[in-house]
A.B. asks: 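The structure is given below, and queries will be raised subsequently.
Quick note on labels: first sequence line is chain A, next is B, and so on, each numbered from 1. Note: hydrogens, waters and symmetry copies are ignored here, and every other heavy atom, side chains too, is used.
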Protein chains: 2
Amino acid sequence: MVDRHDGTWTMDVKTVCLGMLTDGPASGYDMKKCFESTFGHFFPAGYGSIYPALATLARNGFVEFEEVPQDGKPDRKVYSITEEGREELHKGLANPKPSHKVRSEFLAMMCFAHLMSDEQIDEVIDNKLLELDGFLNLFGECPAERCGGKASIGTQFVAGFGRHIASSLRTYIKDNRGMLTSSDGEKIRLAAGSRQ
Amino acid sequence: MVDRHDGTWTMDVKTVCLGMLTDGPASGYDMKKCFESTFGHFFPAGYGSIYPALATLARNGFVEFEEVPQDGKPDRKVYSITEEGREELHKGLANPKPSHKVRSEFLAMMCFAHLMSDEQIDEVIDNKLLELDGFLNLFGECPAERCGGKASIGTQFVAGFGRHIASSLRTYIKDNRGMLTSSDGEKIRLAAGSRQ
DNA sequence: GATGTATAGTATCAGTTCGATATATAAATA
DNA sequence: TATTTATATATCGAACTGATACTATACATC
């Protein structure tokens, strides 16, 4: 949780970890799986973020952990949220203007479509459509049961959000990919101009 | 440009800067304005990314610069792309699977809606809708002229993409916000469960 | 007259995150 | 037998974010 100097805090990996723990104790490995299956689609985090986050949370007393030995497998550090952790989580949830950021190599690349060959563009677009189809197949009709538990009402809202956007994205790309290729005068003119 | 060890390179700030320079010479300040007005909506970058990127590009011979004195104002460092820079840019554009990542405090927060009050949720949703309206007003009907020049065909595709998604997003939020509030049994049950 | 803010321009820094890698063992698969 | 997959921890360099620093003019507002 980082102080934004305007009374709000960032909703960072630490906050999401705290939120996950309100569902019950979990290890860093468990959380990584949860990020992979669900949160990662709109709030990615790898081990490089999760373990330091848990270490900081433990140092500040927002989580506690218990080392659970296992036979054959490495020990599990099972984390639980503390009462101070719940307060910290509520601070994180109090931000009235949470961000929603996109970082798209895809769109940046498409801005320079006039510097690419039609074959390159087609390959990129086809791959993107396949990726979207894969996503929609995976999340198409499962309104619940992710991350090892009953989905909260918020999780259902977010899952629907993801499906809606993915589907809308696919429609736009399918309907408009034609303008990027099929070399008309426009494209040739631009390519020539950029060579200059 | 970072080697991904699979034959492709990341489309990073350096690549976008190179792409911008194919339109003509520009200073770091000019590029920052271009990121703010256009690229920043799907590929954000601040001075902290742009200046180091230009320094690295210059060190590698992908751009050259000329210091232009001005009266009253600080000197401008005006950068131009070199022939090696164009080659480097084409490497960046050769990645057939460019990423499209979302990092959304908003969606992460909504996953924990059952831990928030109806008033908090309403405020967050209202703000998000206002933000989207602002975006759509700004980009509603301008298919060209951004970043000080005629928009390429790719830029038009991307602008349309942004409008389409923003509008779709707004629709989903408006149609489904009801499930997050209006405390029915579901919400009360979840809140109680989390208190345990 | 003073303060605030906007413009134009450069640049750095602390904190965070990303992606890859290291380490270790067991089970399943080729 | 060799390789991959799963379980589980953790670290590290490179990159990015957001804020800040510095200089200087100009135009409002208090």
A.B. asks: Got a list of protein N/O to nucleotides 9-11 of chain D N/O distances below 3.5 Å?
C.D. replies:
unit_1 : atom_1 : unit_2 : atom_2 : d
D:dT9  : OP1    : A:K77  : N      : 3.0
D:dT9  : OP2    : A:Y29  : N      : 2.8
D:dT9  : OP2    : A:Y51  : OH     : 2.7
D:dT9  : O5'    : A:Y51  : OH     : 3.2
D:dA10 : OP1    : A:K77  : NZ     : 2.5

A.B. asks: Between B:T82 (side chain) and B:F62 (backbone), is there a donor-acceptor pair under 3.5 Å?
C.D. replies: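 Pair found, side chain donor or acceptor close to backbone of B:F62.
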A.B. asks: Is any NZ, NE, NH1 or NH2 atom of the basic residue among A:E87 and A:K91 found under 4.0 Å from an Asp or Glu carboxylate oxygen of the other?
C.D. replies: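 No, no charged N to carboxylate O under 4.0 Å.
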A.B. asks: Taking everything shown except B:E66 itself, do over 12 heavy atoms lie less than 6.0 Å from its CD?
C.D. replies: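 For B:E66, atom CD is not crowded (no more than 12 foreign heavy atoms under 6.0 Å).
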A.B. asks: Within this structure, what is the CZ-to-P distance between B:F65 and C:dG9, rounded to whole angstrom?
C.D. replies: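 Rounded to whole Å, this separation is 16 Å.
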A.B. asks: What is the distance, rounded to the nearest whole Å, between atom NZ of B:K32 and atom P of C:dT12?
C.D. replies: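 So the two atoms are 17 Å apart, to the nearest Å.
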A.B. asks: Could you state the atom-to-atom distance from CZ of A:R103 to P of C:dT16 in whole Å?
C.D. replies: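 Atom CZ in A:R103 sits about 19 Å away from atom P in C:dT16.
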A.B. asks: What is the distance from CD of A:E105 to P of C:dC18, rounded to the nearest Å?
C.D. replies: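 Answer to the nearest Å: 14 Å.
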A.B. asks: Give a yes or no on whether a salt bridge exists between A:K33 and A:E36, defined as a side-chain N under 4.0 angstrom from a carboxylate O.
C.D. replies: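 Between A:E36 and A:K33 there is no salt bridge, as every charged N stays at least 4.0 Å from the carboxylate O atoms.
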A.B. asks: Taking the six-membered ring of A:F43, is NZ or CZ of B:R103 closer than 6.0 Å to its centre and within 45° of its axis?
C.D. replies: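 The answer is yes; both the distance and angle limits are met.
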A.B. asks: Find the distance B:L54:CG to C:dG9:P and express it as a whole number of Å.
C.D. replies: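 Answer to the nearest Å: 15 Å.
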A.B. asks: Regarding A:K101, tell me which of base, sugar-phosphate or nothing describes its non-hydrogen contacts under 4.0 Å with the strands shown.
C.D. replies: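 If one applies the 4.0 Å heavy-atom cut-off, A:K101 turns out to touch the sugar-phosphate alone, with no base involved.
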A.B. asks: Output the rounded distance in Å from CG (B:D12) to C1' (D:dT17).
C.D. replies: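 Computing the B:D12:CG to D:dT17:C1' distance gives 15 Å.
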A.B. asks: Output the rounded distance in Å from CD1 (B:I50) to C1' (D:dG18).
C.D. replies: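 Taking atom C1' of D:dG18 as the reference, CD1 of B:I50 is at 13 Å.
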A.B. asks: Hey, are A:R177 and A:D126 close enough for a salt bridge, meaning a charged N less than 4.0 Å from a carboxylate O?
C.D. replies: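 Here A:R177 pairs with A:D126 in a salt bridge, since their nearest N and O are under 4.0 Å apart.
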A.B. asks: Could you tell me the separation between the CD atom of B:E67 and the P atom of C:dA8, rounded to a whole number of Å?
C.D. replies: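 Those two atoms, CD and P, are 20 Å apart.
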